[in-house]
2 protein chains.
Amino acid sequence: MDKNEDLRVIRSRRLIEDAFFTLVEEEGIEAVTVRKLTAQAGINRGTFYLHYQDIYDLMEKMEDRIMEQMKQLPVKSGPQEMLSAEMKGEPFPSIAQFIDFMNEEHRFFQVFFAQEGALFGKRLRVLIQDSIVDKIPKPLLTSEPLPVPADYIVAYFSSAHFGVIKHWFNTGRALPPYDLAVTLTRLIKDGPLLTALNQQPANRLSES
Amino acid sequence: MDKNEDLRVIRSRRLIEDAFFTLVEEEGIEAVTVRKLTAQAGINRGTFYLHYQDIYDLMEKMEDRIMEQMKQLPVKSGPQEMLSAEMKGEPFPSIAQFIDFMNEEHRFFQVFFAQEGALFGKRLRVLIQDSIVDKIPKPLLTSEPLPVPADYIVAYFSSAHFGVIKHWFNTGRALPPYDLAVTLTRLIKDGPLLTALNQQPANRLSES
DNA sequence: CTATAAATCAACACTATGTTCATTATGAGG
DNA sequence: CCTCATAATGAACATAGTGTTGATTTATAG
């Protein structure tokens, strides 16, 4: 008799997970309590503790499940598949797979991405991103119909540079601020491709 | 007699903000309570409520202050300054300014960036970023000494693509999954610059 | 049909919140 | 230097959430 096969267990867990998403969607992740959760789910508060230690444990277990599934996505893309996809103008199979999965589990990922950075400095994030967007060469965004939507290009650049600054902090600001400024300037001016391949100015870095 | 000029007020607020950062650094943002905070600050719990409604109000007020300062950063970079900076291989003045400010307020930004996405799906974020990193053309990272550190290039790409996917969710998954897959594939294959400028395959999008 | 285990219910001690009110202290301005 | 306004303190309060326990009811696997 496996615990994971008992109908009652399965039902309780499903009710709890559903209630979690509903609550987060309605009130945000910081408003979730065990009381509200079980009330929403229509089950006894004690039942929650039969399955999870606390809210964080619940989130971890859901994360576990998603991660497990993602790791086990059949890897359809050897080099030859990627080549043939490229010929036909189709997306790489592994990418398409990836996105299909997230689309199927959209309730989870919707919350996951919505809560990203929502707890602290929500408006500040926007301000930083906007000030980055200002630095994007305008021709890129205004010229003719794009092969991909302009807002995706904006998301790409702003997120990229935001991530670079974040990386700087996450590595203890080891790079001198001036060097970071140079790095960002180059990335903005030349784009990552040229920046990475252009060896010439390498020696210029950190000289000041 | 202005409330913001009373030494006692200034002292209390400083103690509270300092205690906040200390607590977050030690135990993470979700562990912060008014009790611990005021204990750490060495002030009465009631005093906290004389200045802030709750923890979120405190965070908002700190955010306000930082945002105000950022908006008032003197904009040193007209087109001519950017040009002259480009000549000399120096960073754009506005960028350097931006980064200097964040460096000065590093206690705030350290917490801000560290808490980004820390509440939910921390490990999942890493998994997604890693699986994106796998898709980055290897030559970019392994060839010769780079003009900018390789880890910054990795941060740039992974953050960029992560941001694109996030944007997809934040816009209600309006773009069909297949189109998103095509978009991502192009961005990975050609980079944003080529993708944005290359008009040819525009009509191919959404045809399937 | 029945034995097992899940779910419920009520109660518990504990901790945090946000508010109030009387009291103490301290700094701003004359 | 004084004094008055007010910031800070301390104690108490009601309310709400947490996590646990033990007895009881209910549902399901076999």
Side-chain angles (χ1 to χ4, degrees), chain A residues 1-65 111 115 118-120, chain B residues 1-65 111 115 118-120:
Chain A
M1 205 182 331
D2 190 355
K3 216 181 174 188
N4 296 328
E5 291 181 10
D6 192 315
L7 285 189
R8 292 168 296 179
V9 171
I10 294 172
R11 182 172 140 271
S12 291
R13 291 190 183 157
R14 246 206 61 220
L15 287 171
I16 289 171
E17 292 205 2
D18 283 351
F20 173 79
F21 288 124
T22 304
L23 257 186
V24 175
E25 286 156 9
E26 282 175 0
E27 308 186 34
I29 206 163
E30 71 280 1
V32 177
T33 68
V34 176
R35 276 190 125 80
K36 283 195 223 167
L37 184 59
T38 50
Q40 169 72 35
I43 62 170
N44 193 272
R45 192 163 63 90
T47 305
F48 176 89
Y49 292 104
L50 291 178
H51 299 283
Y52 309 100
Q53 304 224 333
D54 51 31
I55 301 277
Y56 296 107
D57 187 45
L58 165 64
M59 296 198 288
E60 262 181 48
K61 292 226 163 77
M62 291 193 295
E63 198 183 333
D64 283 344
R65 202 197 62 220
V111 168
Q115 296 304 324
L119 191 55
F120 187 41
Chain B
M1 207 182 327
D2 190 354
K3 216 182 174 187
N4 294 327
E5 289 180 11
D6 192 315
L7 286 187
R8 293 168 295 180
V9 171
I10 295 172
R11 182 171 141 272
S12 291
R13 291 192 182 155
R14 246 206 59 219
L15 286 172
I16 289 172
E17 291 204 4
D18 284 351
F20 173 79
F21 288 125
T22 304
L23 257 186
V24 174
E25 286 157 10
E26 282 174 1
E27 308 186 35
I29 205 164
E30 72 280 1
V32 177
T33 68
V34 176
R35 276 190 126 79
K36 283 196 224 167
L37 185 60
T38 50
Q40 169 73 34
I43 62 170
N44 193 273
R45 192 163 64 89
T47 305
F48 176 89
Y49 291 104
L50 291 179
H51 299 282
Y52 309 100
Q53 303 223 335
D54 52 30
I55 301 279
Y56 296 108
D57 187 45
L58 166 62
M59 296 198 289
E60 260 181 49
K61 292 226 163 79
M62 291 194 295
E63 198 183 333
D64 283 343
R65 203 198 60 220
V111 168
Q115 296 304 325
L119 191 55
F120 187 41

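Convention: sequence-line order gives letters A, B, ...; per-chain numbering from 1. Quick note: numbers below take in every heavy atom, side chains included, and nothing from hydrogens, waters or symmetry partners.
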What nucleotide among D:dA8, D:dG19, C:dG27 has an atom nearest to a side-chain atom of A:Asp54? D:dG19
C:dA7, OP1 or OP2 - any side-chain N/O from A:Ser12 closer than 4.0 Å? yes
Of all the nucleotides listed (D:dG19, C:dG18, D:dA7), which has the minimum atom distance to the side chain of B:Leu50? D:dA7
Would you kindly give the OH-to-C1' distance between A:Tyr52 and D:dG17, to the nearest whole Å? 20 Å
Can you tell me how far the CG atom of B:Asp54 sits from the CE atom of B:Met59, to the nearest 0.5 Å? 8.5 Å
Of A:Glu27, A:Glu30, A:Glu26, which is the lone residue that meets salt bridge (charged side-chain N to carboxylate O under 4.0 Å, His left out) with A:Lys36? A:Glu27
Over how many whole Å does the gap from B:Asp57 atom CG to C:dT17 atom C1' extend? 15 Å
Phosphate OP1/OP2 of C:dA7 contacted by A:His51 side-chain N/O (<4.0 Å): yes
d(CG, A:Asp6; C1', C:dA3) in whole Å: 13 Å
Distance, rounded to the nearest Å, where A:Leu15 contributes CG and C:dA7 contributes C1': 12 Å
No-H, no-angle donor-acceptor pair, B:Arg45 side chain to D:dG10 base, under 3.5 Å: no
Closest approach of B:Leu15 and B:Ala41, non-hydrogen atoms and distance? O-CB, 3.6 Å
Carboxylate-amine/guanidinium contact B:Glu17 B:Arg65, below 4.0 Å: yes
Should B:Asn44 be listed as having a side-chain N or O under 4.0 Å from OP1 or OP2 of D:dG10? yes
Using whole Å, report how far CD of B:Gln53 lies from P of C:dG18. 9 Å
If you find the nucleotide of DNA chain C closest to B:Val32 and the one closest to A:Gly46, which residue's nucleotide is nearer the 5' end? A:Gly46
Winner on side-chain proximity to B:Ile43, out of D:dT9, C:dA6, C:dA16, is D:dT9
Side-chain donor/acceptor of A:Arg8 to base of D:dT28, under 3.5 Å: no
A side-chain contact here means heavy atoms from C-beta on lying under 4.5 Å apart; do A:Val24 and B:Phe120 qualify? no
Verify, without hydrogens or angle tests, whether A:Lys61 (side chain) and A:Tyr52 (backbone) share a donor-acceptor contact under 3.5 angstrom. no
d(CG, B:Leu7; C1', D:dA7) in whole Å: 12 Å
d(CD1, B:Ile55; P, D:dG17) in whole Å: 18 Å
Kindly indicate whether the side chain of B:Thr38, heavy atoms from C-beta on, has any atom under 4.5 Å from the side chain of B:Thr47. no
Of C:dA7, D:dA8, C:dA28, the nucleotide closest to the side chain of A:Thr47 is C:dA7
To the nearest 0.5 angstrom, please state how far the CG atom of B:Leu50 sits from the CZ atom of B:Arg13. 10.0 Å
Between atom CD1 in A:Ile10 and atom P in D:dT28, what is the gap in whole Å? 11 Å
Proximal nucleotide (of D:dA8, D:dT18, C:dT17) relative to the B:Tyr49 side chain: C:dT17
Quick check on the helix from C:dC1-D:dG30 to C:dG30-D:dC1: what's the angle between its two end axes, five base pairs per end, to the nearest 10°? 40°
